[in-house]
Amino acid sequence: SQQGEEDPQALSIQEGENATMNCSYKTSINNLQWYRQNSGRGLVHLILIRSNEREKHSGRLRVTLDTSKKSSSLLITASRAADTASYFCATDVRGSYIPTFGRGTSLIVHP
Amino acid sequence: ETGVTQTPRHLVMGMTNKKSLKCEQHLGHNAMYWYKQSAKKPLELMFVYSLEERVENNSVPSRFSPECPNSSHLFLHLHTLQPEDSALYLCASSQDLLAGGRYEQFFGPGTRLTVL
């Protein structure tokens with residue numbers, strides 16, 4: 001069964017706006033990762049947050065993790081057209097270190 | 001060349017053909033993965049290799065046959081595929097098996113497979 005589920009499925013914003021994507025999961029995790037995928041390409045790792053962390057930043061990216069709600073959010077601030085891509089969360093369930101991916105959020109940033 | 005490379009980038013094959021997908025990583029990693037990505041579906045893990053030994057086989061049909069001759073190379077042999085097997089096939093690697101979830105996976109650009 002699928003572990004992580006991203007929400008919304010699609011998001012369309014204007015350049016300069018912030019984009020927020022959410023990920024919910026079902027069972028306890030070791031870590032949660034966010035990846036980006038440009039159309040027809042491989043996935044690129046963005047950020048990893050461990051189960052004992054609540055927030056992490058990387059450039060314009062901010063990730064939060066709420067283990068009590070089994071959810072995470074990815075915030076992209078001051079979005080750019082180049083941020084247009086699909087974004088995936090990946091979780092590794094306790095007892096396994098192999099990450100499981102969701103369906104992703106498709107983000108379109110209009111110039 | 002650096003990172004994870006995959007060949008071919010595009011492949012069109014008939015249902016009776018036999019073909020192979022190739023993945024090569026230049027990162028010195030010990031774990032390699034095959035994923036299938038179909039439209040509107042989650043990324044599906046197919047196979048995992050650690051130090052050239054298969055450690056995961058996610059109920060994949062036998063028409064897909066993986067091979068890992070060494071820690072840098074991973075193949076996916078295809079035989080009598082079905083049209084529903086058309087998808088983007090992604091290869092990934094990580095430092096080791098534990099690192100896939102604890103650090104990050106590095107993905108190749110994928111092979112776009114179309115089965116006629």
Side-chain angles (χ1 to χ4, degrees), chain A residues 1-10 21 23-53 56 58 61 63 65 72 85-106, chain B residues 2-7 9-10 21 23-25 27 29-50 54-59 86-114:
Chain A
S1 64
Q2 185 182 335
Q3 165 71 333
E5 188 77 49
E6 295 89 347
D7 171 66
Q9 288 188 11
M21 289 157 269
C23 171
S24 57
Y25 56 92
K26 297 173 184 171
T27 57
S28 295
I29 60 171
N30 301 303
N31 307 288
L32 186 144
Q33 303 182 55
W34 285 93
Y35 285 80
R36 183 189 75 225
Q37 183 182 33
N38 291 90
S39 180
R41 305 285 297 182
L43 280 72
V44 175
H45 183 264
L46 294 176
I47 199 165
L48 178 147
I49 187 165
R50 305 194 190 284
S51 59
N52 62 352
E53 296 176 312
K56 281 190 88 168
S58 177
L61 306 180
V63 168
L65 179 64
S72 173
S86 291
Y87 291 83
F88 296 85
C89 69
T91 54
D92 57 327
V93 177
R94 295 252 169 95
S96 167
Y97 284 97
I98 298 174
T100 304
F101 292 81
R103 286 187 176 85
T105 291
S106 176
Chain B
T2 59
V4 181
T5 58
Q6 289 187 244
T7 54
R9 293 295 310 279
H10 300 271
L21 309 185
C23 174
E24 186 172 0
Q25 56 96 0
L27 301 167
H29 289 170
N30 292 322
M32 297 186 77
Y33 312 75
W34 276 119
Y35 288 90
K36 175 184 178 184
Q37 187 177 34
S38 306
K40 309 297 183 187
K41 285 188 175 181
L43 207 60
E44 299 173 53
L45 179 66
M46 300 176 72
F47 301 104
V48 181
Y49 277 82
S50 176
R54 192 190 308 180
V55 296
E56 184 100 7
N57 176 355
N58 260 5
S59 304
S86 298
L88 182 67
Y89 287 84
L90 292 164
C91 173
S93 71
S94 62
Q95 183 64 50
D96 53 45
L97 196 60
L98 296 182
R102 294 168 72 177
Y103 299 105
E104 64 181 288
Q105 290 177 305
F106 292 79
F107 283 81
T111 294
R112 173 67 63 185
L113 173 68
T114 302

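Treat the numbers as computed from the prediction; the structure is a model and nothing was measured. In what follows, chains carry the letters A, B, and so on, assigned in the order in which the sequence lines appear, proteins first and then strands, with residues in each chain numbered from 1.
- No donor-acceptor distance shorter than 3.5 angstrom exists from the side chain of A/Ser58 to the backbone of A/Ile47, with no hydrogens or angles considered.
- Neither the backbone nor the side chain of B/Phe106 comes within contact range of chain A; no heavy atoms are under 4.5 Å apart.
- Every side chain to side chain donor-acceptor pair (under 3.5 Å) that A/Trp34 has, sequence neighbours left out, goes to A/Ser72.
- The main-chain N or O of B/Cys91 is found under 3.5 Å from a side-chain atom of B/Gln6 such that the two form a donor-acceptor pair.
- Contacts of A/Gln37 with chain B are made by side-chain atoms alone, with heavy-atom separations under 4.5 Å and no backbone atom involved.
- Remark: B/Phe47 engages no residue in a ring pair (Phe, Tyr, Trp, His ring centres under 6.0 Å) (not counting sequence neighbours).
- The parts of B/Leu43 that come within reach of chain A are both its backbone and its side chain, each placing non-hydrogen atoms under 4.5 angstrom from that chain.
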